[in-house]
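Here is the structure we will look at, set down as structure tokens.
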Amino acid sequence: MYSQEIESLLKSKKIKVGDKILVSKGKSTYSGILMPRIELGDTSSLVLKLDNGYNIGVKFEKDTKIRLSQKGKPIRFKPAEMTARKDPNKPTVSILGCGGTIGARVEYTTGAVFPAFSPGDLIASFPELGDIANIKGKKLFDILSEDMTPEHWKVVAKEVVKEIESGVDGIVLMHGTDTLHFTAAALSFMLKDLPVPVILVGAQRSSDRGSSDNLPNLVSAVVAAARSDIAEVMVCMHANMSDNFCYLHQGTKVRKLHTSRRDAFQSVNVLPYAKISYPEKKIEMLRTDYRKRDKKTVKIDDKFNTNVALIYTYPGIKPEFIQSLRTFEGVVIAGTGLGHFPTNPTNDSFTKSVLLAVKNLIDSNIPVVIAPQTIHGRLNLNVYETGRRMEKVGVIGNECDWTPETALIKLMFVLGHTKDMNKVREMMTTNISGEVSERTEVL
Ligand code: ASP
């Protein structure tokens, strides 16, 4: 994005990146295609691609005038032809595309970012993938992951099963990063007896940026899908500020914890399963408690009840807000500290307890599950009077160390199978896919 001033001027003149424009300043006029602002570039310098192919920056000042000279043509990629031949000595990895930054390709005339995905595209863009495995590819959706829904998860799960049944050795799912951990958790609950690894991968920075992480992330994900022995749903993403390794995270125990850093994804309350060095492509195991590859037949269980809310408690939260949640069939509250919401045990005159409102939900057969808004650590409702009151009214989740997102998805999954409060409680507190760690690791 350019500065607000430039962006609103461009908008008022209906000028978009890719259009040919004239920029006049003092006695000089420059003609060229408007490019996107370069990474870390000055927000008040327009970048123009001149007819001779060079880019220049023109500092936008008070006397700078901009005119549209020619609308840019919409540019479409022709998918590259897939030339790689199947090598019987190599494993086969199927790459399914769900959209997001990692699946986008940059058109270098205008700098526009296009969703582009086909096996040919992949091999053409990342030839080293072909050295690791025979690559199959299919585009499922072209969406940003903030637009993903449980309906998308079901499509993904079915496609994963189809690919596994076709005999591939591993699956990679290219996905936007915003909700990648939700999809990872959902697939972890849906796919039973996985015989091969299913790896979700994204990129924090698109391929037009010098600091893009899409190559190391995708290569490492394909390495993990082709060669690792872990037959689970996992997330493979950049591990540090350098480009030298990625982590392989357990699907129910990972979360995006930074808006923009490449090492935004971290395992929560557990160690990652493995480290994958780049460019060496070596897998170093960090844990041994995983499901191994086997010949089992994968099963799909996609019964979800999506009428579940996830909310944060906060100072001053109103009981009326909690009451208004009765239109949902289940509620997850991300509680403060050890897992609290206000119950006012000291009868403070300013404080409003939400305990009765929560009790009313539970009494109307709406389970209320607690998760930690601190993200890291285990819930403990035995320490303070607040926690003991919450336990007494039937809040579920004491001593669990799930993330709020995993708790939400688990509750959707559990409510897809039963409405009986006792069964909900039993299923919620029984591990289905490693979502609650047996012991607290000192990390
Ligand atoms: N908002 C984008 C998405 O989640 C960011 C990304 O692609 O990583 O799809």
Side-chain angles (χ1 to χ4, degrees), residues 1 7 17 36-40 77 95-107 111-118 121-122 125-126 137-157 159-160 171-188 198-222 224 233-241 243 246-249 251 254-268 278 310 375 403-406 408-409:
M1 290 280 280
E7 288 293 339
V17 165
R37 180 172 75 92
I38 48 171
E39 185 181 6
L40 306 178
F77 281 110
I95 304 185
L96 303 175
C98 301
T101 300
I102 188 156
R105 197 163 79 170
V106 178
E107 199 288 306
V113 177
F114 284 87
F117 191 91
S118 74
D121 275 332
L122 285 170
S125 310
F126 309 107
K138 185 170 177 186
K139 181 170 75 183
L140 305 184
F141 334 107
D142 250 347
I143 61 172
L144 296 169
S145 76
E146 53 270 35
D147 294 340
M148 287 289 281
T149 65
E151 294 315 308
H152 292 96
W153 301 337
K154 290 182 189 177
V155 174
V156 176
E159 291 290 337
V160 166
I171 313 255
V172 170
L173 288 164
M174 289 165 69
H175 196 291
T177 56
D178 285 19
T179 67
L180 187 138
H181 50 300
F182 287 82
T183 305
L187 293 176
S188 303
V198 173
I199 321 266
L200 286 101
V201 65
Q204 285 280 85
R205 318 244 170 107
S206 54
S207 53
D208 56 321
R209 299 173 66 170
S211 60
S212 176
D213 48 339
N214 65 356
L215 178 63
N217 292 359
L218 184 58
V219 168
S220 303
V222 171
V233 175
M234 289 169 277
V235 168
C236 183
M237 288 290 290
H238 232 74
N240 58 5
M241 298 292 269
D243 269 329
C246 286
Y247 275 138
L248 210 47
H249 304 276
V254 60
R255 192 177 195 272
K256 186 173 187 179
L257 282 162
H258 199 278
T259 53
S260 53
R261 267 170 61 153
R262 295 177 303 173
D263 58 351
F265 282 80
Q266 287 176 28
S267 282
V268 175
Y278 183 85
L310 166 61
I375 307 300
T403 60
E405 296 75 19
T406 296
L408 169 79
I409 287 160

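Counting starts at 1 for both ligands and their atoms, in listed order. Not measured: the values here are computed from a predicted model.
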Worksheet, complete the sentence: Minimal heavy-atom distance between N214 and A203, with the atoms involved, is CB-CB, 3.7 Å
Fill in: Pairing residues for Q266 by the side-chain contact (heavy atoms from CB on, under 4.5 Å) criterion, not counting sequence neighbours
L257, H376
Which protein N or O atoms sit under 3.5 Å from any N or O of ligand 1? Give atom names and distances.
residue	atom	partner	partner atom	Å
ligand 1	1 (N)	E146	OE1	2.9
ligand 1	1 (N)	E146	OE2	3.4
ligand 1	1 (N)	D178	OD1	3.3
ligand 1	1 (N)	D178	OD2	3.2
ligand 1	4 (O)	S145	OG	2.6
ligand 1	4 (O)	E146	OE1	3.4
ligand 1	4 (O)	T177	N	3.3
ligand 1	4 (O)	D178	N	2.9
ligand 1	4 (O)	D178	OD1	3.3
ligand 1	7 (O)	T101	N	2.6
ligand 1	7 (O)	T101	OG1	2.7
ligand 1	8 (O)	T177	N	2.9
ligand 1	8 (O)	T177	OG1	2.6
ligand 1	8 (O)	A203	O	3.3
ligand 1	9 (O)	S145	N	2.7

Practice prompt. Kindly say whether E146 contributes a backbone atom to a donor-acceptor pair with the side chain of D178 at under 3.5 angstrom?
Written response: no
Practice prompt. Please name all residues satisfying side chain to side chain donor-acceptor pair (under 3.5 Å) with D147, sequence neighbours left out, ordered by chain then number.
Written response: none
Worksheet item: H175: what forms a side chain to side chain donor-acceptor pair (under 3.5 Å) with it, not counting sequence neighbours?
Response: T183
Practice prompt. Kindly indicate, with the supporting measurements, whether the criterion side chain to side chain contact (heavy atoms under 4.5 Å, CB included) is fulfilled by H152 and I143.
Written response: CA-CA 10 Å; H152 292 96; I143 61 172; 3.6 Å; yes
